[in-house]
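What follows is a short report on a single structure.
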There are 2 protein chains.
Amino acid sequence: MIQKTNKMNLVEQVATQIEQLIESGSWEVGKKIPPEMELMEKFDVSRNTLREAIRALVHAGLLETKQGSGTIVRSANSLGAALKRYVKKTALLEILDVRLALEKQAAQLAAEHRTEADLAKLEEYIQLSRQAVKSKDWAQFIELDICFHKAVVLASTNQLLIDLYEPLLETINSFVQDLMAMNATFKFEEELHIDLLSAIRGQNKEAAATYVENYMELLRKEIIKMTGE
Amino acid sequence: MIQKTNKMNLVEQVATQIEQLIESGSWEVGKKIPPEMELMEKFDVSRNTLREAIRALVHAGLLETKQGSGTIVRSANSLGAALKRYVKKTALLEILDVRLALEKQAAQLAAEHRTEADLAKLEEYIQLSRQAVKSKDWAQFIELDICFHKAVVLASTNQLLIDLYEPLLETINSFVQDLMAMNATFKFEEELHIDLLSAIRGQNKEAAATYVENYMELLRKEIIKMTGE
DNA sequence: ATATACCAATCATCCTACAAATTTTAAAGG
DNA sequence: CCTTTAAAATTTGTAGGATGATTGGTATAT
């Protein structure tokens, strides 16, 4: 195996090591990393080199620097950050098509691989969802809706799928959240969730895919209605 | 609405401007960008600041620096580069599931939106493919196979879908290429391509999705066979 | 106890200098 | 004139130091 590290410049070497520290969890998300001075000694590089490495990871969304305070770990995987940045410039309906593609596949895989724990979690979200409706706590309802969809994708056990899906879901949600101040649409959604859970429980891939399609079609219509085509 | 702190630091400001220069095509892919000294003056920042901005974009995969030579534009969108880096650490079958999800959706969208130009291009690849088979030019055959799949996704007219799909296709292909030294599988593939084209021409979304599924299932079996489960 | 002023830590930016790799230019030799 | 070789110029890589700006905590005064 060819060792690429020898050819890598110092900055990339340091950046790679820092990435590993983050991915391995040695540097926990949300916490501060050591200050520049310390890292200069630890990696035995100059300030410039270290700063270029850190800047690269800041730009990638893994770190966040705050003058006077320090540098914190912002995220453990850079793909999500890159995707989020990208989709900011993308039309909502384009994102929705990709989300549909991913969630449909996820639902099918979930139907195959689902464990009892997965089913329990999905059921729990539906139950809590009902309570939220009863108490008219719409913010909570939306939160649980997101959790349900994420849980379906998590049950697929495909990490690439998961890492691609979550940024899209969050982007779409942040777009829609403000606008969708509780119209009747969500009533249907609950039923669809129940149907989807049944399909996943019964390991019925086709039905699972169909329900995701139905849900996404409903959402698409709402978005078109609200954004005025 | 809260203004998202226009107080970007200098490095990010420069990086953003450079990104725009690349995306707009002012700095063409493959060509050199001005040397540091020139850019320092152009952006009116110090060398450190400029270098941090450039380094961020190098890490993101947009630029590539070569000591003594200069800096060239490597790619016009960073998402592909981030995805490629990510999937290097991902199992082939996981990637395949995501590729299936994306290509299936793309085929359906292509069936909806396809233009005559799209159809002509797809047909052309199939024709050339036949010639390649006749002359037993397998390298050419594989190349055309890739072109066909890309063309299907391009016909979807969904840029996010396109930008996500291509890195996955290339990754899978580079994995498989060496191993798949021409066994009988590709014979079937040609038929599937013809069927898929027919479905897209006839705007039959379900059939298009089915043919993509069939193809991917075939590929999955080959991969499992070759990698020994 | 609260508010203010001060101080220390930390990142942001700038500057200069030299090293290493590449490209360009110039010279030398046939 | 052409090729080869050597020197010079160009360009990025790395190092180290200096100053400014922001934050967080501490001590002081009221």
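Computed from a predicted structure; not experimentally measured.
- For Y125(A) and H193(A), the ring centers sit 6.0 Å or farther from each other.
- Across the interface with DNA chain C, nearest-nucleotide mapping of G68(A) and S69(B) shows G68(A) to be the residue nearer the 5′ end.
- Applying the 4.0 Å criterion to OP1 and OP2 of dC11(C), one finds that T71(A) has a side-chain N or O inside that range.
- At a threshold of 4.0 Å, the pair R99(A)-E94(A) does not count as salt-bridged, since none of the basic side-chain nitrogens sits closer than that to a carboxylate oxygen.
- I72(A) places its CD1 atom 14 Å from the C1' atom of dT10(C), with the value rounded to the nearest Å.
- Rounded to whole Å, atom C1' of dC14(C) lies 15 Å from atom CD of E41(B).
- You won't find any donor-acceptor pair under 3.5 Å spanning the side chain of R55(B) and the base of dG13(D), going by distance alone.
- Distance, K32(B) NZ to dT10(D) P: 13 Å, rounded to whole Å.
- We find that CZ of R51(A) is positioned 15 Å from P of dC15(C), with the value rounded to whole Å.
- With a 4.5 Å cut-off on side-chain heavy atoms, R55(B) and V11(A) count as touching.
- M37(B) places its CE atom 9 Å from the P atom of dT12(D), with the value rounded to the nearest Å.
- Regarding L50(B), its CG atom lies at a distance of 10 Å from the P atom of dC14(C), rounded to whole Å.
- Within the nucleic acid shown, N48(A) comes within 4.0 Å of at least one base atom, counting heavy atoms only.
- You'll find that the side chain of Q67(A) is closest to dT22(D), out of dT13(C), dT22(D), dT14(D).
- Here the side chain of T49(A) is nearest to one of dC11(C), dC14(C), dT14(D), namely dT14(D).
- A donor-acceptor pair under 3.5 Å is absent between the side-chain atoms of S69(B) and the main chain of K66(B), judged by distance alone.
- To the nearest 0.5 Å, atoms NZ (K88(A)) and OG (S174(A)) are separated by 9.0 Å.
- The side chain of S46(B) lies closest to dC15(C) when the candidates are dA12(C), dT14(D), dC15(C).
- As a whole-Å value, the separation of R47(B) CZ from dG17(D) P is 18 Å.
- Following rounding to the nearest Å, N9(A) (CG) and dT22(C) (P) show an atom-to-atom distance of 13 Å.
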